[in-house]
Amino acid sequence: MAYCTVTDLAIHNPHRTYDATTNPTLAQVNTIIDQIAAESDNALQSQGITAPATSPANFVTHLKSMNSIGAAAMAEYAMFQSYGSTETEHADTLYDIYKKQLKDQWNR
């Protein structure tokens, strides 16, 4: 279960839209969202916490933020790599934030 939707990525990638003709496509971004959520669920399960998490609300909100940051980073990477660009500074920043949050989650 994903903790966010494509709409939630807009806060991190405000100039991006995703649909059937974009690169990455909307379907690909939804897959990325699911993959990032699975990483969080694996971290939770490694700590003996049932996943997907459904409470408390503030923790689910934290997972939503993590999910959207990680997915936004991967969507940016996908977009720039498909155009052969090395302009990934924004994606790098988002990914670093996501990985720090994921690491913190593993170390609870």
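Keep in mind it's a predicted model, so treat the numbers as computed, not measured.
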Q. What are the two closest non-hydrogen atoms of A53 and L44, and how far apart are they?
A. CB-CD1, 4.0 Å

(Q) Rounded to the nearest 0.5 Å, what separates atom CD1 in I69 from atom CG in D96? (A) 11.5 Å

Q) With sequence neighbours left out, what residues match S68 under side-chain hydrogen bond (donor to acceptor under 3.5 Å, both in side chains)? A) H12

**Q.** T25 side, atom OG1; Q28 side, atom CD - distance, nearest 0.5 Å
**A.** 3.5 Å

Q. Any idea which heavy atoms bring N13 and A72 closest together, and the distance?
A. ND2-O, 3.1 Å

Q.
Looking at every non-hydrogen atom in both residues, tell me the closest pair between N23 and M79 and how far apart they are.
A. O-CG, 3.2 Å

**Q.** Distance-minimising heavy-atom pair for E39 and L102
**A.** OE1-CD2, 3.6 Å

(Q) For E89, is there any backbone N or O sitting under 3.5 Å from a side-chain donor or acceptor partner on T93? (A) yes

Q: Taking all non-hydrogen atoms of both residues into account, name the closest pair between M1 and A37 and its distance.
A: O-CB, 3.5 Å

Q.
Would you say that S46 contacts N42 through its side chain, given a criterion of any heavy-atom pair below 4.5 Å between the two side chains?
A. no

Q.
Has T31 got a side-chain atom pairing as donor or acceptor with A27's backbone, closer than 3.5 angstrom?
A. yes

**Q.** Rounded distance (nearest 0.5 Å) linking atom OG1 of T5 with atom CG of D8
**A.** 4.0 Å

Q: Report the distance from atom CD1 of I11 to atom SG of C4, rounding to the nearest 0.5 Å.
A: 11.5 Å

Q: Evaluate the salt bridge (charged side-chain N to carboxylate O under 4.0 Å, His left out) criterion for residues D104 and K100: first the C-alpha distance (whole Å), next the side-chain angles of each, then the deciding distance (0.1 Å), finally the verdict.
A: CA-CA 6 Å; D104 290 348; K100 182 186 180 319; 2.9 Å; yes

**Q.** Gap between atom OG of S40 and atom CD1 of I49 - 0.5 Å precision
**A.** 11.0 Å

Q. Would you say E76's side chain and A73's backbone share a donor-acceptor pair under 3.5 angstrom?
A. no

(Q) Between Y3 and H62, is there a side-chain heavy-atom distance shorter than 4.5 Å? (A) no

Q: Please tell me if the side chains of Y98 and I36 come closer than 4.5 Å, counting only heavy atoms from C-beta onward.
A: yes

Q. Distance from N67 atom CG to Q101 atom CD, nearest 0.5 Å?
A. 11.0 Å

Q: Of all the heavy-atom pairs spanning T22 and P24, show the shortest one and how long it is.
A: OG1-O, 2.7 Å

Q | Co-members of L26 in a cluster of I, L, V, M, F, W and Y side chains, linked at under 4.5 Å | A | V6, L9, Y18, V29, I33

